[in-house]
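Working notes, beginning with the structure itself.
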Amino acid sequence: MRRYLAVALVAACCVLTNAQDFNHYKTLLPQGLVPKDFTELSASKFATEVTNMSAARNKRDRRNKKKFYLESTFSLDEFLTSGNVLFNDDITLYTADVLAEILKPYPELQGKIRVYTVKSAIPNAFTTNNGIIFVNLGLLARLESEAQLAFVLAHEVVHYQKKHVINRYVTNIDIDRSKDYRKLSREAKMFAKSSFSKELEMEADLDGAEIYNKSVYTKDSIQNVFNVLKYADLPLGWVYFNKRYYESGKYIFPDTLVVRKVDPIQAIEDYNDTLYSHPNIRKRREAIAVKFHNAKGGKHFRLAKSIFDKNRKLARFELCRLYLLEHRYLDAILLATSLQEEEPTSVYLKQIIAKALYGLAKDKLNDHFDFKKSEWSGDPQRLGIFFERQSSYEVSVLAIRHLYKCLEEEPNNKEIAVMLNDVIRSLDKDAYDLEKKFLRNASDKEIADLRYPYTQHAFTGFKNNAAFFEILDKQIALADKEDNGNSFRKKKKRAKDKKLLNVDKVVVVNPMYKKIDTRKRQKMRHIESEKVLTQIDQKIWDAAGRLNMKADIINPNNLSSARVNVMQSNSILNDWIDEQMRFEDARVSPIYNEIIALADTYKTDHFVWMGEFTMTRKRRGKGFLIAGAIITPAMAPLFATMVATPKGATLYFALTFNVRTQALELVDVRTMNMRDTKSLLQSNIYYTLFQLKKVKQ
Amino acid sequence: MRIIYTLVLLINVFAATAQVPGYMGKRFTIFADANPTPAFFVMNMNNTVLVNPGGDDARTQKVNRFAFNVRPQVTLEYLIHKRVSLGVSYSMPIVGTTRAYYTSAPSEFDDVDYNTDEYDVVKGQALGLHLKFYDFAGSASVPPIGYYRTINIFVTRTNTYDNKKSTTKQFRDDFIYPAVSFGVGRQSMLAKNLLLKTGVEFGWAFVPTNFLTEVEDDWNVQEYSGYSVHQSLAGYYLFNINIGLGYILF
């Protein structure tokens with residue numbers, strides 16, 4: 001009883017603390033107690049899996065299965081701790097409720113299957129061999145009803161129930177290596193794998209339909225779930241494009257920016273699926289139709305439509321953030337403007353649009369704007385072409401306008417302020433006499449001879465025009481100063497610009513360690529690598545202690561169930577570093593405020609991503625060494641030692657970012673012609689921290 | 001003395017300005033080196049000489065193709081730069097040599113007639129100063145772990161003795177010669193603060209090299225013994241294997 005009360009209390013706290021305000025939306029983060037899936041060591045999970053392994057046909061089958069468990073357990077845990085997986089958040093709890101509903105007739109499966117949400121824009125769901133179903137936000141954002149979610153979950157349950165994941169793995173290895181398939185060409189093998197995979201998917205559809213049929217959900221229109229797959233490649237949005245959305249007063253875009261005719265939406269169901277992992281949509285739809293031929297009735301929503309709508313809205317709000325992080329700015333604008341239909345006053349959505357425009361402006365200014373017309377059919381194509389036809393100057397002006405509007409609403413928003421300053425400075429470097437190209441008051445005389453005359457009216461409709469132009473003039477002055485100083489400074493940069501970082505505290509994020517031994521059948525030494533990772537915290541603390549530094553470590557490999565804050569930080573930091581590493585050009589991160597809040601929490605701006613890869617391999621040329629030992633017996637001990645010891649290579653890296661300035665302040669990368677040892681790793685970690693504390697950078 | 005003052009001054013300057021990590025901030029290492037050196041070019045008791053510049057007379061009686069000389073050495077090193085160590089060493093070289101003695105009192109007009117004692121040893125001390133350069137940028141780790149190259153200067157002071165334990169010098173004056181060597185190798189850390197050093201060393205002892213050019217038959221006993229010492233020292237420093245254990249003190 002006490003346990004139930006505790007769970008209820010935790011759940012209630014989660015609900016209370018996470019009640020979403022869509023006006024000032026806060027990103028979804030893991031909540032509550034960290035589930036065992038995240039805290040248990042992979043080595044321990046692997047041992048359990050091997051103990052419970054089903055009977056194997058032969059020695060090879062057993063070996064393949066064992067390899068599968070090893071690889072899948074460790075890669076799954078890497079995914080779980082990557083920061084991309086949410087637990088105990090509103091959406092995951094809701095999805096788990098739906099799963100519980102469809103599993104009601106299957107008590108043997110209840111408790112064995114868990115569900116988590118993945119921060120990914122791809123409309124997909126997948127299952128692991130140990131019973132974890134992952135549902136992407138991209139899928140949840142596109143579903144039309146709770147019943148559709150139930151059908152997807154039922155399909156995934158079958159994958160677990162029928163052990164499809166391991167069977168697919170073992171069969172694929174069989175196809176690659178077994179004598180039965182030896183004479184097949186590469187294409188034929190791929191066909192064989194695809195055929196087997198399609199069989200499994202079809203079985204999951206059909207058996208999933210059986211599970212679904214026993215639930216309370218509707219049987220009539222469930223085939224519509226395949227429409228989600230059918231249109232999965234199209235951008236998500238439902239409002240028609242109207243350039244008036246971006247206009248006001250005399251700030252009116254030329255009609256030439258808007259295309260009249262767009263490519264019609266075309267989605268083919270009966271495509272050639274020969275080498276696909278799934279049957280084509282038509283085959284799946286037809287197979288399911290047979291199952292639901294006589295079935296009728298049921299509900300689209302178990303409780304209330306509003307609960308589904310709220311969770312889907314959460315997924316869509318979250319998707320806007322993901323689009324910004326992936327620099328899919330047009331997707332973000334389309335979805336955010338669509339969501340504004342329902343939440344017209346949402347500050348969050350306005351900021352999403354302003355941040356997306358900032359990103360587009362930076363893309364245009366850096367010649368990185370990439371619009372693939374073929375991927376944008378239907379009305380959304382107008383939006384894409386609207387921005388494609390605009391110059392970098394026009395988009396930048398639009399971005400400045402939107403950013404400042406957001407700043408007027410939230411004057412203390414650092415992220416928006418930094419973006420505004422950045423885009424003004426970037427534009428100034430690209431445009432001559434920028435400050436003279438805009439009317440400062442609506443009543444001012446129009447400026448003649450402008451290349452884009454309409455843009456002079458862009459900044460006349462603010463609440464306080466003077467305050468805006470104060471910012472504009474200041475940033476232009478700063479940019480001019482930077483420009484003038486550049487040529488002179490480059491020569492003197494080395495000596496003058498080096499400074500002592502004198503960092504007193506760092507946060508080490510998700511350290512990485514991989515050990516590879518090419519001499520072994522199992523080359524990736526997962527268990528040994530994990531052991532090092534569980535001990536790495538102490539090494540970091542030891543090194544920091546010697547330097548009188550403080551170090552906080554966000555290491556998901558050393559988690560206890562109470563440390564949800566580690567997973568929350570990891571989630572934000574993973575999003576941030578992922579964006580920094582994927583995109584080269586410098587721009588303000590769309591989650592700048594989130595990362596600054598973390599820096600304030602940890603009381604440092606310096607975050608370190610570090611890791612090590614170490615490889616052991618066979619020594620080549622042993623014959624020469626043996627010959628040398630025979631010819632010169634006195635050197636035999638030296639040669640014998642060389643013959644007996646393998647060669648090693650190690651790569652250590654540590655990237656230190658100042659998250660407030662987004663500067664990569666220290667790149668510490670070393671390759672070593674030796675195998676890693678405890679002391680070597682310790683020495684490398686110390687040197688990274690040493691440089692942050694004592695060496696001029 | 002002036003050199004020592006200069007060195008102390010240099011170390012102080014380096015220590016004050018260098019940004020040197022060391023191992024967890026520790027930069028001072030003490031090594032105990034065994035340096036088991038194959039007896040390629042130098043004989044010893046129980047050693048064979050594969051290349052024997054001294055001729056057959058210099059060959060020892062017992063043949064052992066795996067013979068090694070062992071040169072005990074203590075080395076102190078201090079990291080003065082992130083990739084450079086300055087070190088001093090004290091070693092006690094012991095190598096075999098051949099001493100000649102007259103069978104009868106020599107007369108001025110007789111041909112030289114003497115026997116040789118093949119079991120004598122050259123013993124003494126060597127004081128060394130070296131710079132060790134770590135391959136920091138290329139393919140190694142943070143010093144003192146990693147690959148290195150050394151440049152050594154030694155001052156050797158030796159004499160010959162009947163055997164290893166004897167303390168009676170055979171020559172009135174010690175042989176004092178400089179030697180230089182160049183070494184390459186690797187230092188790895190076996191356990192916390194415990195270093196293993198392995199490498200090889202090529203060197204040259206600045207002894208008179210008459211024994212390479214002059215005809216042995218013309219040598220008198222004194223010259224024969226002296227040249228033997230020279231060739232022993234030269235051969236000894238020509239090639240060495242360096243193996244040592246080190247501990248990082250502070």
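Protein chains get the first letters and strands the later ones, always in sequence-line order, with residue 1 at the start of each. The figures here come from the full heavy-atom set of this structure, side chains too, leaving out hydrogens, waters and symmetry mates.
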Would you find more than 12 non-hydrogen atoms of other residues, nucleotides or ligands less than 6.0 Å from F624(A) atom CZ? no
Is there side-chain contact between K26(B) and R546(A), with at least one heavy-atom pair below 4.5 Å? yes
Any donor-acceptor pair under 3.5 Å linking the side chain of Y686(A) with the backbone of G25(B)? yes
Atom NZ of K505(A) with >12 non-hydrogen neighbours under 6.0 angstrom: yes
NZ/K622(A): more than 12 non-hydrogen atoms of other groups inside 6.0 Å: yes
From L190(B) atom CG to T677(A) atom OG1, the distance as rounded to the nearest 0.5 Å: 9.0 Å
If you tally heavy-atom pairs under 4.5 Å between each of A543(A), S683(A), S679(A), G545(A) and chain B, the highest tally belongs to S679(A)
Heavy-atom count around R582(A) CZ within 6.0 Å, excluding the residue itself: above 12? yes
Tell me, for K678(A) versus chain B, whether the close heavy atoms (under 4.5 Å) come from the side chain, the backbone, both or neither. neither
N/O donor-acceptor pair under 3.5 Å between Y147(B) side chain and N673(A) backbone: yes
Check the pair I145(B) / M672(A) against side chain to side chain contact (heavy atoms under 4.5 Å, CB included), numbers first and verdict last. CA-CA 10 Å; I145(B) 303 173; M672(A) 294 156 272; over 6 Å; no
Point-to-point distance, once rounded to the nearest 0.5 Å, from CE of M189(B) to CG of L681(A): 12.5 Å
Are more than 12 heavy atoms from other residues, nucleotides or ligands located less than 6.0 Å from atom CE of M524(A)? yes
Check whether any side-chain heavy atom of V695(A) sits under 4.5 Å from a side-chain heavy atom of K82(B), and report yes or no. no
